[in-house]
Number of protein chains: 4
Amino acid sequence: MYELVIKKGRVINSDAAFTADVAVEDGKIAAVGAELAGRREIQAAGKLVIPGGVDTHLHFTLDLGGGLVSTDDFFTGSRAAALGGTTTVVPFIHPEEGESAAEAFNRRQREAVGQSVVDYGWHMNIGPEAFRRSGGVRSFVEETAALGISTYKLYMAYGYRLNDAQLLQAMEAIAGVGGLPVVHAENWELLSHLVQRAVDAGHRHPRWHEKTRPAEFEAEAAARVIAIARWVGLPVEIFHVGTREVVAQIRRARREGAAVYGETCPQYLFLNNGAFEREGIEAAYAVCAPPLRSEEDRRGMWQALAEDDLQIVSTDHCPFTKEQKRAGLQAGFHKIPGGVPSLEMRMAALYSEGVAKGRFSENRWVELCSTFPARLHGFAQKGVIAPGYDADLVVFDPAARRTITAEGLHEACGWTPYEGLELTGAVESTIVRGTPVVEQGRFTGERGIGGYRSRSGAL
Amino acid sequence: MYELVIKKGRVINSDAAFTADVAVEDGKIAAVGAELAGRREIQAAGKLVIPGGVDTHLHFTLDLGGGLVSTDDFFTGSRAAALGGTTTVVPFIHPEEGESAAEAFNRRQREAVGQSVVDYGWHMNIGPEAFRRSGGVRSFVEETAALGISTYKLYMAYGYRLNDAQLLQAMEAIAGVGGLPVVHAENWELLSHLVQRAVDAGHRHPRWHEKTRPAEFEAEAAARVIAIARWVGLPVEIFHVGTREVVAQIRRARREGAAVYGETCPQYLFLNNGAFEREGIEAAYAVCAPPLRSEEDRRGMWQALAEDDLQIVSTDHCPFTKEQKRAGLQAGFHKIPGGVPSLEMRMAALYSEGVAKGRFSENRWVELCSTFPARLHGFAQKGVIAPGYDADLVVFDPAARRTITAEGLHEACGWTPYEGLELTGAVESTIVRGTPVVEQGRFTGERGIGGYRSRSGAL
Amino acid sequence: MYELVIKKGRVINSDAAFTADVAVEDGKIAAVGAELAGRREIQAAGKLVIPGGVDTHLHFTLDLGGGLVSTDDFFTGSRAAALGGTTTVVPFIHPEEGESAAEAFNRRQREAVGQSVVDYGWHMNIGPEAFRRSGGVRSFVEETAALGISTYKLYMAYGYRLNDAQLLQAMEAIAGVGGLPVVHAENWELLSHLVQRAVDAGHRHPRWHEKTRPAEFEAEAAARVIAIARWVGLPVEIFHVGTREVVAQIRRARREGAAVYGETCPQYLFLNNGAFEREGIEAAYAVCAPPLRSEEDRRGMWQALAEDDLQIVSTDHCPFTKEQKRAGLQAGFHKIPGGVPSLEMRMAALYSEGVAKGRFSENRWVELCSTFPARLHGFAQKGVIAPGYDADLVVFDPAARRTITAEGLHEACGWTPYEGLELTGAVESTIVRGTPVVEQGRFTGERGIGGYRSRSGAL
Amino acid sequence: MYELVIKKGRVINSDAAFTADVAVEDGKIAAVGAELAGRREIQAAGKLVIPGGVDTHLHFTLDLGGGLVSTDDFFTGSRAAALGGTTTVVPFIHPEEGESAAEAFNRRQREAVGQSVVDYGWHMNIGPEAFRRSGGVRSFVEETAALGISTYKLYMAYGYRLNDAQLLQAMEAIAGVGGLPVVHAENWELLSHLVQRAVDAGHRHPRWHEKTRPAEFEAEAAARVIAIARWVGLPVEIFHVGTREVVAQIRRARREGAAVYGETCPQYLFLNNGAFEREGIEAAYAVCAPPLRSEEDRRGMWQALAEDDLQIVSTDHCPFTKEQKRAGLQAGFHKIPGGVPSLEMRMAALYSEGVAKGRFSENRWVELCSTFPARLHGFAQKGVIAPGYDADLVVFDPAARRTITAEGLHEACGWTPYEGLELTGAVESTIVRGTPVVEQGRFTGERGIGGYRSRSGAL
């Protein structure tokens, strides 16, 4: 008699699909099999039972300075995640000047502990300030690794960007602890020049957000950081790929045997640069960086997922309020805070467009959204339904039909660029390490049920 | 209380690895979990528990005519398979002129039923005679599919070869039943010309076996049949790939999005054309078609497995007796019956050179030798350890060390080209649909325990 | 005081362009320079002076049997060539069973001598009958080489096709004499099967001509013959390329360092498969083999010329009469005699669409239509305006505008698929080894002024 | 009766080879033909007559500051060029802060006028200071173009380097005048970091010069600048390519249709990184940037020339004195003034290893060393032997055999890294715009006979 058993669902792993009961004990999957009995049972006949989604790229209360803080905090964000079938999230720690790795970690932990309803890890940002610390970047990375963090965010854009020599040194430090760098790859020198030029010429419309960030230069940056990672001998993941030019660089490197990985996000799979032509504030909603690209690029991302040229779908969830978007729109495309809410819709959206429309299999869906992000990012106990793995489970109804609306979502920002999108398939129940937090599609969990998951390395 | 439980082994699937008990009931896996109790238990702590190997390419009593029959029959062959950790095999049905698909099936079944100690399916050969039947190839394929056979062997070599128009029609017929063609790809016109020329020039040495079958022309044949399959819109598997030229054709097609798959075999992974320079009869032992290639090619096959340019390791097990090899050697390279025994050593050999030497992961090992061959060939219930799948299980000791010798093997031919090869890892127990047939490395099974597995389609 | 001087034209070679006088003496270019005086002078100020066109693929009185003989004989054909700015042509010798190379050569020479108004060489066809001769194909090729013929046509289609082993042997023989094989590459087995199937299904419309010859299979044949040529170590030219699939095979081989060349023709540059949808007999006019392809393919051929993936533009000129086309149309697409008249329009058409529209330079135009075909096919004295080269010269008016009409052309067939095509640039004068045969756009030559040009090898 | 006639040589153009007299009048080629008579005649029977070499990359009196000035001045340098068969050179103008384009031009002209024995153009360097000028880089480029300069050097290394945004703006300015950027492509941030690290670790040996400049990062820089040029829509030439990694980037871009060109130099064709292991000062002699690479790279450069992946062979001639090299050697690899003398040996060396050893044809030799550099760099009157072109002519004895020694050369530095290299073929006479300056292999010219050649654009 197990603590909890999910009965008779069709279990989907990345390499198998079978009908079985899934038994949970002490937060772990205890058994997978026929005729398992539980003190509590969830009926799942006709439903899919999948390992909970793993979203390895999102922002909770991202502080851009000047009062610009992204909308979801750990509670509202993790609740939206759980409602969307995601049971593990990985936001970022942005250390302040002079703050130790441990201090920054503790600061952020205070925002999460007691709040999060899903498990979480942290990416550590490495910025130029890490090089000014005593002990330098190497010591900073070692301190970070000691905190159970194995993934490091490197920016090639914004004030926080590293130059090439810093990228190389950061990667050497990461290699020293067996970690993984995840990279925002853009050519900042070129795009900031083009932005300034457009601004000087009087352009303000959001469409200039894309025009001033040519795909060729995004691909240049990706190729550059891949070259550095290959020289160091380190795997590398390129974040938020939205253009076929970057896919080509990743594919080329992979085909030469390099451990290079690419992530895309719902915004690059469901939206194109036509969104910049929407009326009023909606054009501002669509602003994120790198920008949305052409319809051919959008379709190319789906193809890249099917052909394993991209390996992960995360969200880069980072919405700002309507007011913040509106203020940016008035000030000009370069002042619009970038970010789109995709956290809650990810799993169902990928099922609907990916599986239900025949672009890839149920197994691939699970692999893209759960198994592989867990593996690459070092969550050894997540992403698979098998004994001993964390009992992060989602019961998914493949036949349900939903329409996305801002009201229907639980993200804090109150708007969505996907308004009206019709989806096949919906999350019915979500279980975080053995505890149901979503039942019948409604949030029934408690704050703080999710916990920090320490990692000792990456793939 | 289950019928049988394998206790505390490290379970390896293609996408996961975890420690668990595996419970068996009625020939199926009933549960995978902690603390499962069985009326019978096999202790596996410290051992790997893997889905039984699936060998989708081998010959039992292959009759070449003129009294040349390959050595292993269904009993000795399946026993060797079981001892080597393989629980499913797929030999061939070669229909005779005028014999219906069902008659040919029944004739072969009589050799297998009551003899086989592992499960089996059949490939159906499609030769020119299929086109002379009433109803033609389409009707022949439909009859075959009705027998639960979903894979079809097409030869581009030997008297049994099809011409290009026949290949196309055979593929259309196979597409009609959702089957998979598996192909022996060589350019018969070219190689038979080069063989004749070499024979006319007085060459007899086995090294001429390779010299008269240039890799470029093997690749030409592969490219040709791939082109035909792509036009028809059918997946295709190229059998026994041993040269990088063929790998390049497969890779190219796959990268263009085509459903093309490649298999290699232990002989191409452990031997090179240096074997043709061995003393006396040993040079004849090494003869198989396509031939062994250069050391660079041999290493290239390992790389192709690691990088997913090849997807399956089967054996093409087809040994003839020493006497038959010797007679061939005296008559000349073109008269040596081709075939090498690799059936019993496959799983351990791949573990030893692949996993223990760090070429790929345990998961990939299972995927290459069990999960993917099962999936591609339509064995929906095999290749994964999960509830509901067939309880085909192998307990593998990763620390054991063995040296291959002809005496130590249980194949009927009495010789091996791998004499003296040292391996890390060995099969300890093999369970076929719930029944142990190998225990402590010794055969303890009974004839006939294995059964025919009907299939309704391929990947 | 030279025999003849062309005054003050802009001389275009493949690597240079300059204004100079071109002096002729004894059929050769005697000098190129300023202030050269001639007993006769042609004024060319404002005009281009180019080396005469070299058309290395065309048919005069091609006899398909059953009374089907292509329309232009040596006089009408060579006159059309001259009017179009072509001063060297290379038709084919088709040896009959039992006829020696010399006999076949003499038979064809009788049709040409005293008739041709331009110079000519011959391609020798090598068919299956060459293998039945005493001495075999090697002896046949040696006899042919002794006649000053260095290029050999190999068919992979029609009754005259060679199988792969014959292709290999023919190429070995050609390699022995330093010759060049030129190949009609199609997969006859596949296309004849598809044709038969279409005919059996009742299809008769010319559009089925293309549908039954898939580009993938044309590319397969090209890849196959390229593989054989590379194995033999021989250059090879693929004739009449009209699809990007074949271009891809040529490009791939070239980029691997192989001496592989590709030719396209005006029909693949100016027409697409939309021509099969024209009304009535015009649909039949467009039938040639390989067939016209898509608009994307058509544009792809221009790109391939610009990027040197294709190296030659010849014509495969082979028109049949309206009556013959009409009879074929009634009998069905497979009975329409294939062939399009492109001989007279080639040079101007390539100038108009290629140079005037900015696709490539004047130099590339000359290279594609004259310099490189001359070089590859062994016409060491042709294709360049420099002292010692044959005085084959064309004065071309780059500003003239012409509209193609059947009446305006001088080809014998009386129809053209290019009716109404407007061209920029026109041939004004043509000089064959020092003798003007076209002046002010009108034919002023005499029968028989052209001569046979013996060659001792190919590039 | 012409002023000068070169009699009966074998004239080699990039697209033709023929025996003819070449007549000169007023510094131009007046005629090419048979039986031309001159007031002066040079007998060339049995010799090759080629267009004079064009060396589009070399340094005369390059001032690195601190008294480090490269050795050859305009007289000794141009004399060495002439003795080596080069009749046009293109050194650099390095404008000083505050100096106008015209002032810088005039300053450099004063060093050349009355000194040079061959014709010359100038590259204009564009450094960061160009962006500080009033009118900015656009105005600076326009002033430069007005001086007849059409090629612009952009550095991605050294203090003079441009950042990416400056590269983009410089290219836009160059595009505005139809010019060509030529680029020193290295990733300065990365290499200067690696150099500093090596120096800090105590490394001083010249072999560290290569170790600190990984080929992958040289390729990164090339890819980056190519991306920028493609975005601007401008052709670009990558200077001094010595590694296959850079060749791969150039090839890739060219195959995508981009106007990208690559140059290599004798040092990358005749030396490899083994030179850094030579005894004593000889290890310092080999230092140049980018560094010499592996033997596989060296051979790769020859292959790239043959296959048109590289298009130009220039020299980057920039030798310093033995004393300067020695002082650098003592101070450490990073202090050795980089530069190798290759000016005088280029034409013969390329003939010997390229043509005489069968790597490419005589025509390709002329194309690489004269025709194409002239064309790409806008010397419309050079690089071809045809009427109206400048009478820059070289009589080359293909049968002569020479051994390179420092004493035998006429470069000012007094040493050569090619000591002892045996060459087939030697320059016999060199004629600069009609005036012989080298006769029978000896310098017979006068200072100042060469002149500045204004250009109005590039290819």
Side-chain angles (χ1 to χ4, degrees), chain A residues 128 131 136-138 156-157 161-172 185-198 200 211-234 243-246 248-249 251-253 255-256 258, chain D residues 128 131 136-138 156-157 161-172 185-198 200 211-234 243-246 248-249 251-253 255-256 258:
Chain A
F131 291 80
V137 71
R138 183 171 298 274
M156 301 173 78
R161 72 188 176 281
L162 302 183
N163 67 29
D164 292 353
Q166 290 169 328
L167 287 171
L168 183 145
Q169 292 169 86
M171 286 195 189
E172 289 180 326
E186 290 192 292
N187 186 310
W188 186 250
E189 258 171 17
L190 290 172
L191 78 85
S192 56
H193 172 74
L194 296 176
V195 165
Q196 191 56 50
R197 181 190 292 196
D200 291 349
K211 286 179 189 295
T212 54
R213 295 171 114 99
E216 296 90 326
F217 296 161
E218 191 183 332
E220 185 286 313
R224 181 151 38 102
V225 77
I226 288 171
I228 297 172
R230 292 177 73 172
W231 188 81
V232 170
L234 188 67
T243 161
R244 290 166 300 166
E245 306 260 350
V246 175
Q249 296 293 346
R251 182 171 49 215
R252 187 172 291 157
R255 289 177 178 179
E256 292 171 7
Chain D
F131 291 79
V137 70
R138 182 170 299 275
M156 300 172 80
R161 72 187 176 281
L162 302 183
N163 66 30
D164 293 353
Q166 290 170 328
L167 286 171
L168 183 145
Q169 292 168 86
M171 286 195 189
E172 290 180 325
E186 289 191 293
N187 186 311
W188 186 249
E189 258 171 15
L190 290 173
L191 79 85
S192 57
H193 173 74
L194 295 177
V195 165
Q196 190 56 49
R197 180 190 292 198
D200 291 348
K211 285 180 190 293
T212 53
R213 296 171 113 99
E216 295 91 327
F217 296 160
E218 191 183 331
E220 184 284 315
R224 182 153 35 105
V225 77
I226 289 171
I228 298 172
R230 292 176 74 173
W231 189 80
V232 171
L234 188 66
T243 163
R244 290 166 300 168
E245 305 261 351
V246 175
Q249 297 293 348
R251 181 172 48 215
R252 186 172 291 157
R255 288 176 180 181
E256 292 172 5

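Letters A, B, ... mirror the listed sequences (proteins, then strands); counts begin at 1.
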Roughly how far, to the nearest 0.5 Å, is the CH2 atom of D:W188 from the CG atom of A:D164? 14.0 Å
D:L191, D:N187, D:L190: which one forms the most heavy-atom pairs within less than 4.5 Å of chain A? D:L190
Turns out that what part of D:L194 lies under 4.5 Å from chain A's heavy atoms comes down to side chain
Partner set under salt bridge (charged side-chain N to carboxylate O under 4.0 Å, His left out) for D:E172, not counting sequence neighbours: A:R197
To check you understand the geometry: which heavy-atom pair defines the closest contact between D:I228 and A:F217, and what is its length? CA-CE2, 3.9 Å
Would you give the length of the straight line joining atom NE2 of A:H193 to atom CD of D:Q166, rounded to the nearest 0.5 angstrom? 9.5 Å
Those residues of residues 218-227 of chain D that come under 4.5 Å of chain A on a heavy-atom basis, listed by number, are D:E220, D:R224, D:A227
